[in-house]
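Input: a single structure, listed below in structure tokens.
The analysis underlying the following values was restricted to heavy atoms, covering all of them including side chains, and did not include hydrogens, waters or symmetry mates. Please read these numbers as outputs of a predicted model, since none were measured by experiment.
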Amino acid sequence: MSIEELEAFFKDVDLPKSFRISRGINIVDVKLFLETQFTVIKSYGIDSKPGAPCYDRLIEFKNAISSD
């Protein structure tokens, strides 16, 4: 999934204010989380490939809210 597709996905869904992905991962400000991840990706030109931490976190969050 491309960065553009991820951005479009998150713009089209109702996002919670906070979200617990797992016992050890709790996003307390979803909007800030998304802004931060996309800023880092765009600033450093990170590819949408598994293994890039920011990309992996976005995919993990997307999968978690999609399965709810």
Q: State, yes or no, whether a side-chain contact exists between Ile65 and Val30 at a heavy-atom distance under 4.5 Å.
A: no

Q. What is the distance from atom CD of Gln37 to atom CG of Leu32, rounded to the nearest 0.5 Å?
A. 9.5 Å

Q) Roughly how far, to the nearest 0.5 Å, is the CZ atom of Phe9 from the CG atom of Leu58? A) 11.0 Å

Q) According to the interplanar angle, ranging from 0 to 90°, do the rings of Phe10 and Phe61 count as parallel (below 30°), tilted (30 to 60°) or perpendicular (above 60°)? A) parallel

Q) To the nearest 0.5 Å, what is the distance between CD1 (Ile21) and CZ (Phe33)? A) 5.5 Å

Q. Measuring from Phe38:CZ to Ile3:CD1, what's the distance to the nearest 0.5 Å?
A. 6.5 Å

Q. Taking all non-hydrogen atoms of both residues, which atom of Ile25 and which atom of Glu60 are closest, and how far apart?
A. CD1-OE2, 3.7 Å

Q) If you measure from CD1 on Ile41 to CZ on Arg57, what distance do you get to the nearest 0.5 Å? A) 8.5 Å

Q. Can we say Lys62 and Glu5 salt-bridge, meaning some charged N sits less than 4.0 Å from an Asp/Glu carboxylate O?
A. no

**Q.** From Ile27 atom CD1 to Thr36 atom OG1, the distance as rounded to the nearest 0.5 Å
**A.** 10.5 Å

